Enquirer: 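Got a structure for you, written out below as structure tokens; questions coming shortly.
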Amino acid sequence: AGFSNETYICDLTYRQGAEERREQIVVRMEPKYRVVPEYDLERQYLIMDRLAGSNVPVPHVRWYEADRSVLGCSFYVMDKIEGEIPPEVPPYHAFGMLFDAAPERREKIWWNGLDVLARVHALDWRKLGLDFLGAPGGGTDPIDRQLDYYGRYLEWVKEKEPQPTLDASFKWLRENRYAPKRVALCWGDSRLPNQMFRDDEVVAVLDWEMAWLGDPEADLGWWIFLDWQGCDGYGIPRLEGFPSREETVRRYEELSGCKVENIFYNEVYAAFRFGVVLARVAHLME
């Protein structure tokens with residue numbers, strides 16, 4: 001539903017020896033319109049390639065092609081996975097598999113999704129070779145790096161029109177930053193519509209273009225905020241069965257074995273990031 005990738009499902013037919021084979025693949029191509037200032041498709045491919053075999057399910061990626069003469073842009077190819085994805089447009093609180101589900105099923109899917117988020121944060125990113133994402137230093141550096149990036153992003157967005165609300169929230173984030181107690185792989189776009197489910201279990205974690213190394217509480221804040229945005233943010237009633245913010249934080253602490261200490265900061269950070277992205281999307285839709 002988003003602008004971040006051009007995605008195609010294709011039939012691949014080929015011969016292997018005397019046998020003709022046919023299977024479905026997914027081709028993800030560099031987008032025609034940039035939502036983010038810099039777009040690195042190979043980075044997404046490498047993250048999924050290095051997560052293969054971990055306890056975080058991702059599609060099997062086959063090839064990355066940088067030669068733009070092949071399809072007109074860079075692209076990568078991955079296996080097609082069967083499953084259900086909670087919709088983003090309209091939001092899952094108003095339509096689709098979760099809207100039609102019993103409250104008990106909604107709760108189960110929420111907890112299963114959160115469990116996989118905690119698994120992402122428990123990965124040994126050094127052993128997986130993910131230090132190419134930029135290993136931060138100590139103190140506030142993990143947060144400073146992200147704020148520097150989104151500061152540049154905001155300035156790029158403001159070339160079209162002023163953003164006083166985003167300016168104020170960015171100033172608050174700068175003034176109230178803290179030193180995280182751990183650095184983990186952060187998924188970056190942690191939400192139910194980026195997970196694929198089969199029999200209510202997560203079979204794929206999708207959309208890694210916003211991933212970084214930093215405080216995993218940022219992912220938790222994004223998870224909570226994006227759920228709020230999909231119901232209360234639109235004036236839609238939150239469906240019965242979904243756990244509360246407080247219950248979600250407590251369960252995440254149990255799953256991760258880590259105390260959540262800065263959730264409000266990271267909810268503000270999520271709202272700011274989302275605002276910057278939507279300001280850019282609004283410009284693209286003019």
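These numbers come from a predicted model, not from an experiment. The chain is numbered in sequence order, starting from 1. What's counted below: heavy atoms across the whole structure, side chains too, no hydrogens, waters or symmetry copies.
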Enquirer: Please say whether more than 12 non-hydrogen atoms of neighbouring residues, nucleotides or ligands are located less than 6.0 Å from OH in Tyr14.
Expert: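 Yes, the 6.0 Å shell around OH holds more than 12 heavy atoms from other groups.
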Enquirer: For Arg177 and Tyr269, run side-chain contact (heavy atoms from CB on, under 4.5 Å): C-alpha distance rounded to whole Å, both residues' side-chain angles, the deciding distance at 0.1 Å, then the answer.
Expert: CA-CA 10 Å; Arg177 69 195 194 285; Tyr269 180 42; over 6 Å; no
Enquirer: May I ask you to check whether Tyr234 and His93 place their ring centres under 6.0 Å from each other?
Expert: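 Centroid separation for His93 and Tyr234: 6.0 Å or greater.
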Enquirer: Please name the pair of heavy atoms, one in Phe170 and one in Gly151, separated by the smallest distance, quoted to 0.1 Å.
Expert: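 In terms of heavy atoms, the two residues are closest at CZ-CA, 3.6 Å.
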Enquirer: For salt bridge (charged side-chain N to carboxylate O under 4.0 Å, His left out), just list the numbers for Lys171 and Asp167, CA-CA rounded to whole Å, side-chain angles, deciding distance to a tenth of an Å, and then say yes or no.
Expert: CA-CA 6 Å; Lys171 181 174 184 291; Asp167 283 336; over 6 Å; no
Enquirer: side-chain contact (heavy atoms from CB on, under 4.5 Å), that's the test. Do Ile47 and Trp125 meet it? Break it down for me.
Expert: CA-CA 10 Å; Ile47 292 171; Trp125 53 267; over 6 Å; no
Enquirer: For Arg105, which residues count as a side chain to side chain donor-acceptor pair (under 3.5 Å) partner, sequence neighbours excluded?
Expert: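 Partners of Arg105 under the side chain to side chain donor-acceptor pair (under 3.5 Å) test: Glu84, Asp200.
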Enquirer: Judged by atom type as modelled, is there a donor-acceptor pair below 3.5 Å linking the side chain of Ser244 to the main-chain atoms of Glu247?
Expert: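 The answer is yes, because a donor-acceptor pair under 3.5 Å joins these two groups.
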Enquirer: Donor-acceptor pair, distance only, cut-off 3.5 Å: does the side chain of Arg106 make one with the backbone of Asp100?
Expert: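 No: the side chain of Arg106 does not pair with the backbone of Asp100.
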Enquirer: Any ion pair linking Arg62 and Glu23 (charged N to carboxylate O, less than 4.0 Å)?
Expert: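 A salt bridge is present here (some side-chain N lies under 4.0 Å from a carboxylate O).
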Enquirer: Under the side-chain hydrogen bond (donor to acceptor under 3.5 Å, both in side chains) rule, what do Trp222 and Asp189 come out as? Steps first, then yes or no, please.
Expert: CA-CA 7 Å; Trp222 185 264; Asp189 202 0; 3.0 Å; yes
Enquirer: Give a yes or no answer on whether the side chain of Glu19 reaches the backbone of Gln16 with a donor-acceptor pair at less than 3.5 Å.
Expert: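 The answer is no, because no donor-acceptor pair under 3.5 Å joins these two groups.
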Enquirer: Spell out, as yes or no, whether a donor-acceptor pair under 3.5 Å connects the side chain of Arg280 to the backbone of Val157.
Expert: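 No, Arg280 side chain to Val157 backbone: no donor-acceptor pair under 3.5 Å.
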Enquirer: I'd like to know whether the aromatic ring centres of Trp111 and Tyr252 sit less than 6.0 Å apart in this structure.
Expert: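 No, the ring of Trp111 stays outside the 6.0 Å limit from the ring of Tyr252, centre to centre.
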Enquirer: Report, as yes or no, whether the 6.0 Å neighbourhood of atom NZ on Lys160 holds more than 12 heavy atoms from other residues, nucleotides or ligands.
Expert: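 No, NZ of Lys160 has 12 or fewer neighbouring heavy atoms, counting only those of other groups under 6.0 Å.
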Enquirer: Give a yes or no on whether Asp67 atom CG has more than 12 heavy-atom contacts from other residues, nucleotides or ligands under 6.0 Å away.
Expert: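 Counting neighbours around CG of Asp67, more than 12 heavy atoms of other residues, nucleotides or ligands fall under 6.0 Å, so yes.
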Enquirer: State whether the side chain of Ser190 and the backbone N or O of Asp219 hold a donor-acceptor pair below 3.5 Å, judged by distance alone.
Expert: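 It does hold such a pair.
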Enquirer: Should the pair Arg145 and Trp212 be classed as cation-pi, given the thresholds of under 6.0 Å to the six-membered ring centre and 45° from the axis?
Expert: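 No, Arg145 does not lie over the aromatic ring of Trp212.
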Enquirer: Residues in side chain to side chain contact (heavy atoms under 4.5 Å, CB included) with Val202, at least two apart?
Expert: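 Testing Val202 for side chain to side chain contact (heavy atoms under 4.5 Å, CB included), a comparison that skips the adjacent residues, returns Pro57, Val116, Gln195, Phe197, Val205.
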Enquirer: For Arg126, look at atom CZ and say whether over 12 heavy atoms of other residues, nucleotides or ligands are found less than 6.0 Å away.
Expert: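 Incorrect, the count does not exceed 12.
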Enquirer: Answer yes or no: is there a donor N or O on one side and an acceptor on the other, between the side chain of Arg250 and the main chain of Glu253, under 3.5 Å?
Expert: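 No, the answer is negative, given that no donor and acceptor are paired below the 3.5 Å cut-off.
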Enquirer: Within the supplied structure, the quantity of interest is the number of heavy atoms (other residues, nucleotides, ligands) at a distance under 6.0 Å from Glu161 CD; does it exceed 12?
Expert: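 For Glu161, atom CD is crowded (more than 12 foreign heavy atoms under 6.0 Å).
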Enquirer: For Phe132, does the CZ atom have more than 12 heavy-atom neighbours from other residues, nucleotides or ligands under 6.0 Å away?
Expert: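 Yes, CZ of Phe132 has more than 12 neighbouring heavy atoms, counting only those of other groups under 6.0 Å.
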Enquirer: Are the side chain of Glu217 and the backbone N or O of Asn262 linked by a donor-acceptor pair below 3.5 Å?
Expert: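 A pair under 3.5 Å: yes.
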Enquirer: Between the side chains of Arg22 and Glu20, is the shortest nitrogen-to-carboxylate-oxygen separation below 4.0 Å, so that they form an ion pair?
Expert: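 No, this pair does not count.
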Enquirer: Indicate whether the side chain of Glu6 and that of Tyr33 have a donor and an acceptor atom separated by less than 3.5 Å.
Expert: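 The answer is no; no qualifying pair exists.
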Enquirer: Carefully, step by step, assess Arg182 and Asp215 under the rule salt bridge (charged side-chain N to carboxylate O under 4.0 Å, His left out).
Expert: CA-CA 6 Å; Arg182 61 179 178 141; Asp215 185 1; 5.4 Å; no
Enquirer: Ring centroids only, cut at 6.0 angstrom: are Phe225 and Phe272 within range, meaning strictly under it?
Expert: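 That pair fails the under 6.0 Å test.
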Enquirer: What closest approach, in Å, do Pro136 and Leu213 show between heavy atoms, and which atom pair accounts for it?
Expert: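 Minimum heavy-atom separation between Pro136 and Leu213: CG-O, 3.8 Å.
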Enquirer: Set out, in order, the CA-CA distance, both residues' side-chain angles and the distance that settles side-chain hydrogen bond (donor to acceptor under 3.5 Å, both in side chains) for Tyr64 and Asp49, then state yes or no.
Expert: CA-CA 10 Å; Tyr64 168 74; Asp49 183 58; over 6 Å; no
Enquirer: For the residue pair Leu147 and Arg174, what are the closest heavy atoms and their distance?
Expert: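 Between these two residues, the closest heavy atoms are CB-NH1, 3.6 Å.
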Enquirer: Pro59 and Leu206: which non-hydrogen atoms are nearest, and at how many Å?
Expert: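 The pair with the smallest heavy-atom distance is CG-CD2, 3.7 Å.
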Enquirer: Show your working on side-chain contact (heavy atoms from CB on, under 4.5 Å) between Leu128 and Leu51 and close with a plain yes or no.
Expert: CA-CA 7 Å; Leu128 290 169; Leu51 291 183; 3.9 Å; yes
Enquirer: Can Arg152 be said to sit on top of Tyr150's aromatic six-ring, NZ or CZ under 6.0 Å from centre and within 45° of the ring axis?
Expert: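 So Arg152 doesn't make the cation-pi contact.
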Enquirer: Would you confirm whether the ring centroid of Phe99 sits within less than 6.0 angstrom of the ring centroid of Tyr92?
Expert: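 Not under 6.0 Å, so no.
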Enquirer: So do the side chains of Cys10 and Gln24 get within less than 4.5 Å of each other, counting heavy atoms only?
Expert: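 They are not in side-chain contact.
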Enquirer: Ignoring hydrogens, what is the shortest heavy-atom contact between Arg245 and Ile263? Give both atom names and the distance.
Expert: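 Smallest heavy-atom distance, with atoms named: NH2-CG2, 3.5 Å.
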Enquirer: Under a 4.5 Å cut-off applied to non-hydrogen side-chain atoms, are Lys158 and Leu154 in contact?
Expert: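 Lys158 vs Leu154: side chains touch.
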Enquirer: Quick one: closest heavy-atom pair of Gly139 and Pro180, and the distance?
Expert: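 Closest pair (atom of Gly139, atom of Pro180, distance): O-CD, 3.4 Å.
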Enquirer: List for me each residue that meets ring-ring contact (aromatic ring centres under 6.0 Å, His included) alongside Trp223, sequence neighbours excluded, and say none if there are none.
Expert: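 Result, ring-ring contact (aromatic ring centres under 6.0 Å, His included) vs Trp223: Trp110.
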